[in-house]
Amino acid sequence: MPEPTPLLTASDLAFQTGESRLVDGVSLSVEAGTLQVVVGPNGAGKSTLLRLLSGELAPTRGQVAYGLEPVAAIPAWRLAGLRAVLPQSARLAFPFSVAEVARIGLDGIGRGLSRQDKAAILDDALGTADVLHLAERPYHRLSGGEQARVQFARVLCQLAAGRTLSERQVLLLDEPTASLDLRHQSAILDAVDLLRRDGVGVVAILHDLNLAAAYADRLLVLKEGRLVAGGTPSEILRDDLIAEVFGVRWPVGRVPPGGQPFILPRKDVAP
């Protein structure tokens with residue numbers, strides 16, 4: 001029986017602006033039901049890579065394909081059903097309510113859904129993101145963390161509506177936990193893990209290596225635009241690699257010994 005086609009494939013991606021090559025020769029594939037986390041220092045090209053994968057940016061070299069179709073050939077309305085994107089930040093110039101912002105994820109997708117179906121999707125997404133109680137509040141008056149959760153509700157709406165177009169979906173997340181407290185970090189990543197279990201292919205950028213180790217099937221390590229390592233958290237989170245890529249000597253532990261890796265938050269160790 002032939003292997004299923006990956007949801008998303010990137011081949012030899014490069015992106016250059018002026019003299020700066022922000023992404024250089026990155027190849028990867030996203031399988032259904034997997035969560036891959038991109039890690040690396042600031043300026044490594046992580047957000048640029050995600051924008052290339054989403055189709056927002058056209059690569060200087062290489063190609064991104066969803067299934068067997070180049071992303072540039074997919075109409076915008078159909079691409080919206082194949083992948084949802086949560087950027088680092090989203091600014092709105094209009095005084096929308098929380099519910100109206102989340103409902104943007106339903107616009108133009110799932111036209112066959114009834115009004116009741118859309119209302120149920122919206123309520124479920126707001127509840128999952130823990131912003132249902134804020135539904136009528138003006139979005140611009142929320143805290144940064146609350147706004148981030150509303151944007152997560154928006155992508156949940158988009159994925160749910162997009163399933164009327166395709167069951168093969170990708171979720172791209174750029175630092176989804178950056179402005180969240182500990183409880184909501186866990187809640188959002190638990191929700192992402194449920195999507196993964198339902199067959200969504202997920203690529204997320206995270207700075208917290210402990211969260212990455214706890215949730216990722218695979219870590220992709222970027223440095224200066226290049227993919228320098230890829231593998232399971234146990235394969236990637238090593239003292240030498242942390243020192244090489246991030247320039248710090250934070251020892252890697254295991255709980256239990258030989259089990260899940262974690263980064264010790266201390267610098268007072270011998271080089």
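It should be emphasised that the depicted structure is a prediction, and the values quoted were computed from it without experimental measurement.
Using a distance-only test at 3.5 Å, with no hydrogens or angles considered, no donor-acceptor pair links the side chain of E175 to the main chain of I205. Using modelled atom types, no side-chain atom of Q158 and backbone atom of G81 make a donor-acceptor pair closer than 3.5 Å. Of the possible polar contacts, one joining the T60 side chain to the Q16 backbone as a donor-acceptor pair under 3.5 Å is found.
Applying the side chain to side chain contact (heavy atoms under 4.5 Å, CB included) criterion to A229, with sequence neighbours excluded, gives V221, I236, L241. The side chain to side chain contact (heavy atoms under 4.5 Å, CB included) test applied to R197 returns D193, L194, not counting sequence neighbours. A191 is linked by a side chain to side chain contact (heavy atoms under 4.5 Å, CB included) to T128, F152, counting only residues two or more places apart in sequence or in another chain. For S27, the side chain to side chain contact (heavy atoms under 4.5 Å, CB included) partners are D12, not counting sequence neighbours.
Hydrophobic clustering of Ile, Leu, Val, Met, Phe, Trp and Tyr side chains at less than 4.5 Å, counting indirect connections, unites V85 with L49. L53 and V202 fall into different hydrophobic clusters, defined by Ile, Leu, Val, Met, Phe, Trp and Tyr side-chain heavy atoms under 4.5 Å apart, directly or through other members. No chain of hydrophobic side-chain contacts below 4.5 Å, direct or via other Ile, Leu, Val, Met, Phe, Trp or Tyr residues, connects L35 to V38. Hydrophobic clustering of Ile, Leu, Val, Met, Phe, Trp and Tyr side chains at less than 4.5 Å, counting indirect connections, keeps L159 apart from V203.
Note: L180 CG to R183 CZ = 10.5 Å, rounded to the nearest 0.5 Å.
L13 approaches G62 most closely through the heavy-atom pair CD2-C, 4.1 Å. Looking at every heavy atom in both residues, S179 comes nearest to A148 through OG-CB, 3.6 Å. Shown here for L209 and I242, the closest heavy-atom pair between the two residues is CD1-CD1, 3.7 Å. Closest approach of P176 to L86, counting heavy atoms only: CB-CD2, 3.9 Å.
Every pair passing salt bridge (Lys or Arg N to Asp or Glu O under 4.0 Å) that includes a residue from residues 145-170 is listed here, sequence neighbours excluded: D130-R149. Listed by first and then second residue, the salt bridge (Lys or Arg N to Asp or Glu O under 4.0 Å) pairs that reach into residues 37-48 come to none, sequence neighbours excluded. Listed by first then second residue, pairs satisfying salt bridge (Lys or Arg N to Asp or Glu O under 4.0 Å) with a partner in residues 20-32 read R21-D24, D24-R61, D24-R226, not counting sequence neighbours. Sorted by first and then second residue, the salt bridge (Lys or Arg N to Asp or Glu O under 4.0 Å) pairs with a member in residues 227-244 read R238-D240; sequence neighbours excluded.
Residue L113 shares its hydrophobic cluster (ILVMFWY side chains chained together at separations under 4.5 Å) with L106, I121. Here W77 is tied into one hydrophobic group with I109, L165, each link being a pair of ILVMFWY side chains closer than 4.5 Å.
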Exercise answer: donor-acceptor pairs, residues 131-142 side-chain atoms, under 3.5 Å, sequence neighbours excluded:
unit_1 : atom_1 : unit_2 : atom_2 : d
Y139   : OH     : Q151   : NE2    : 3.0

For residues 94-102, tabulate all N or O donor-acceptor pairs below 3.5 Å that involve a side-chain atom, not counting sequence neighbours.
unit_1 : atom_1 : unit_2 : atom_2 : d
S97    : OG     : E100   : N      : 3.2
S97    : OG     : E100   : OE1    : 3.4
E100   : OE1    : S97    : N      : 2.8

Query raised in the report: Please walk me through it: do L211 and Q185 pass side chain to side chain contact (heavy atoms under 4.5 Å, CB included)?
Result: CA-CA 9 Å; L211 285 176; Q185 286 180 6; 3.5 Å; yes
